[in-house]
Structure formats: structure tokens, C-alpha cells
Amino acid sequence: MAAMSRLDPLLGEALADLSARRTRRTLHPGQPGPGIVLRDGRVLINASANDYLGLSHHPLLAERAADWAARYGTGAGASRLVTGTLDLHRRVEARLAAFKHTEAALLFASGWQANAAVLPALLKAAATQGAPPLLFADRLIHASLQHGIQASGLRQHRFRHNDLDHLETLLSASADVPGRRFIVTESVFSMDGDRADLARLRRIADAHDAFLYVDEAHATGVLGPGGAGLSVAAGGVDLVMGTLSKAFGGFGAYVAGSAVLCDWLANACSGFIHTTALPPPVLGAIDAALDLLPGMEAERARLAAAAAALRATLRQEGIDTAGSTTQIVPVLVGDVQATLALADAVAGRGVLAIAIRPPTVPPNSSRLRLALSTAHDAHALSRIADSVALSWRAAR
Ligand SMILES: *Cc1c(COP(=O)(O)O)cnc(C)c1O
């Protein structure tokens, strides 16, 4: 007999409250194929996944994952500092460092875990130097970065989204306050699909001797030379992290930077130390993606062109696509109910475009988040554009 938890009455009420406000989330099972998804018994075009280059179903990744599982086992068996480190980890980390043009790289269990664990470790280390560090963060940074900052217990200075004049004003305003400066941002923002000006951020960081921490979750594999992301062209940053779960088509995450930084994190970051090492099949998929990604210029160009065409179609309909310049194209609606209704209408036309609502985005900025992939062929791309345009028109 399934036992009730003691908190069930409280939690049940909280869920009922979410339902009443139409903000309750549900988990939908659905076997995703490349660019498609099964939803309530129907196959829909998937315009909501982050599998930007379709690598999650690439045979080379599947083959190497299976091969490494068969040869090295399905689990690493221990944390990295105990007996979990295999030659495979060192090999993949060396390849990731080369890919990101950094001295070193360190694998993490996930992007969420990397951000949630690395930021408090660094901030606490900086605090031991004397005055507490001063942290400046873009207002729209990902929940995992927010979590890491909150875990540090530091008060943060939030600058308006991508407004580097505002950042400079905040830095100048606290010029007399002691303590090391940190700047935290993303190179491509997950819900707006716009880019940070990393070259200018780098100059600002240099001028204020600030540690620059950049999350490249949505740029890794997709933008920059060989898909290395945007930090390379900016001349490097202090720390760059990214996930291996999006364009990489696999799972896990990396932090890349100096050898000393990575060595120190392996010694001091709880979210690296006290968790089991990534398993061989996951490493196999990452290794195979590293074979493929640098040579995928044609796919990257095709993805960029598809996104530009989608934005042009949507803007003709009067749709606000925010600052998108990437494969992530938001359809800004504002109101939660109207956004849910639009998502339903688009699904009715065969395309899954998930409604993104607060608290994931700021109040009154609910939207559909369209994410394109090279797994979408010309037919799928025109159905994505048409389904949104027609549903938008019908709702006017
Ligand atoms: C997805 C995402 C993460 C988390 O990465 P996971 O590997 O999925 O845990 C972190 N930062 C940003 C900006 C993301 O979009």
C-alpha cells in the first residue's frame, strides 16, 4: 500500500493553487525522434528542443556510446577523486579544452550542477581574501546561475539585460567598495536567443579587474569558429561553462579555463568532488560529437539561415521576436493565458512550441520559445513558421 507523505496535504494544496492559476506543469512522456516529438498520441514537429544540430540521434554518437559502454562499463563506479577518473575523462577534458581554446577543462554532471556548484565555490574563495566579493549579473541569467549566486549568500548587483552601460554605471558606483569583482552572464540567452557583447564585456572586466564568468550553453557547438562558442572570438574569458546536453546531443557539462582554475575546482568544488564521475557511454557520445562539431560549418550556416528566415516571416505578421539573432526565436505574447492558447493552437497545427511563463521569464513576457534544429527539413521549417503565423492571425 502506497503510503502518503506527511506533507501531502500541504503539497496537494500548493498544486491545486498552481492549477487554479494555470501555472501547473506536467511531465509528458514522448519518445523524441530527430526534430519530432510524441505528444498525447500524436507526432508533432518539435520546435522546443535544444538538439540544435540533431546530434542526439547521430549514429556515430550512438555507436561510440555503445562501444565505450561495452568496453569500459556503464558506470564509473565512484567519484572522480576516488576511483572514478578513467583515461576517458582525461581524454575528453583535453579535447574540450582544445575545442574551447583554453588551457584546461573539467567535466561536470550537468550544466545546472556546474553553475550551482562552481559559483559559490569561487565566491567563497574570493571572500577569504578580505572584503566580500561584489557580484554583477545580467538580469536574465539562467536559474542555475541564480541558484549558485544565492548559495553563496552574496547580495548581487543586477544589470539590465545586455545593457553594458548599466553594468559600467553599477561598477563605477561601487568603485570605492573593496572586494573582488565578478561579472556573470550568458553568451546566448536561453529564452531570448540574443547575444551578449563579449568583446566589450571583456574590456569592461579588464578595466575593473573583474572575473568574467560566461555560460555558453546555447552557443556551444552552434556559434563561433568550429562551433567553439562566442568566448573564443572575444579573446577568452576567465571561466566559460557549457552543457553537453544541447548541441552536443549528449549529457553532462564542462567548465573551461586556466589549468590552475580547473585544478583548484577539482580540489574545492563540492559539486565536482561529491558526485559520481560521468559514465563511459556518456563520454563516448561527447567524444564522437567532438569529432563531428568542428567540421559542421555547413550545418551551422543552414541553421542560422533557417532562423533568419523564420524571424522574417514572424516579423511580417507583426510578431515581436525580441533581440533574437540565433537559432532560438521567441514569439513574445505577454499574457500567460494568451500564450497558452497560442501554444495550443500551434500544437493543433502539428507543431510543439512550449509556452514559457514566469518565473522562467519576467512577468508579462510569456512567450513561445521556438528552437530550430538542423533535424528540421525544409518542410518542417515551413510548417513551424506557418503554424505560428496562422495561429497568431486567428488570435487577433
Ligand atoms: C540548459 C542550461 C543550463 C543547464 O544545463 P543542463 O546540462 O541541462 O543541466 C545552464 N545554463 C543555461 C543558460 C542553460 O540554458
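Everything quoted here is computed from the prediction, not taken from an experiment. Read the numbers this way: they start at 1 and go in the same order the structure lists the ligands and their atoms.
Surrounding CG of Asn364 are at most 12 heavy atoms belonging to other residues, nucleotides or ligands under 6.0 Å away.
Closest heavy-atom approach to atom 8 (O) of ligand 1 within the set Ser110, Ala116, Ala109, Ser245: this belongs to Ser245.
Close contacts of ligand 1 with Asp215, meaning ligand atoms under 4.0 Å from a residue heavy atom, involve 10 (C), 11 (N), 12 (C), 13 (C). For ligand 1 and Asn115, the ligand atoms under 4.0 Å from any heavy atom of the residue are 10 (C), 11 (N). Ligand 1 places these atoms under 4.0 Å from at least one heavy atom of Gly111: 4 (C), 5 (O), 6 (P), 7 (O), 9 (O). Distances below 4.0 Å separate heavy atoms of His218 from the following atoms of ligand 1: 14 (C), 15 (O). Atom numbering of ligand 1 starts at 1 in the shown order; those under 4.0 Å from a heavy atom of Lys246 are 1 (C), 2 (C), 3 (C), 14 (C), 15 (O). Counting the atoms of ligand 1 from 1 in the order shown, those under 4.0 Å from a heavy atom of Ser144 are 10 (C), 11 (N). Distances below 4.0 Å separate heavy atoms of Ser190 from the following atoms of ligand 1: 15 (O).
Comment: Arg302 does not engage Glu297 in a salt bridge, judged by the lack of any side-chain N to carboxylate O separation of less than 4.0 angstrom. Looking at Arg64 and Asp291, a side-chain N of the basic residue comes within less than 4.0 Å of a carboxylate O on the acidic one, giving a salt bridge. Using a cut-off of 4.0 Å between Lys/Arg side-chain N and Asp/Glu carboxylate O, Lys246 and Asp51 are scored as not salt-bridged.
Checked against Phe108 for a ring pair (Phe, Tyr, Trp, His ring centres under 6.0 Å), the options Phe272, Tyr254, Phe251 give a single hit: Phe272. The only option from Asp206, Asp165, Asp163 that meets the salt bridge (charged side-chain N to carboxylate O under 4.0 Å, His left out) definition with Arg200 turns out to be Asp165.
No N or O atom of Glu186 sits closer than 3.5 Å to an N or O atom of ligand 1. Residue-to-ligand polar distances place Trp112 within reach of ligand 1: an N/O pair is separated by less than 3.5 Å.
Distances from ligand 1 to the non-hydrogen atoms of Ala253 include no value under 4.0 Å.
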- Please test Asp320 against Arg315 for salt bridge (charged side-chain N to carboxylate O under 4.0 Å, His left out), starting from the C-alpha separation and ending with a verdict. CA-CA 7 Å; Asp320 182 356; Arg315 282 171 188 166; over 6 Å; no
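Aromatic ring centres of Trp112 and His142 lie farther apart than the 6.0 Å criterion allows.
Remark: minimum distance from atom 5 (O) of ligand 1 to any protein heavy atom is reached at Thr243 CG2, 2.9 Å.
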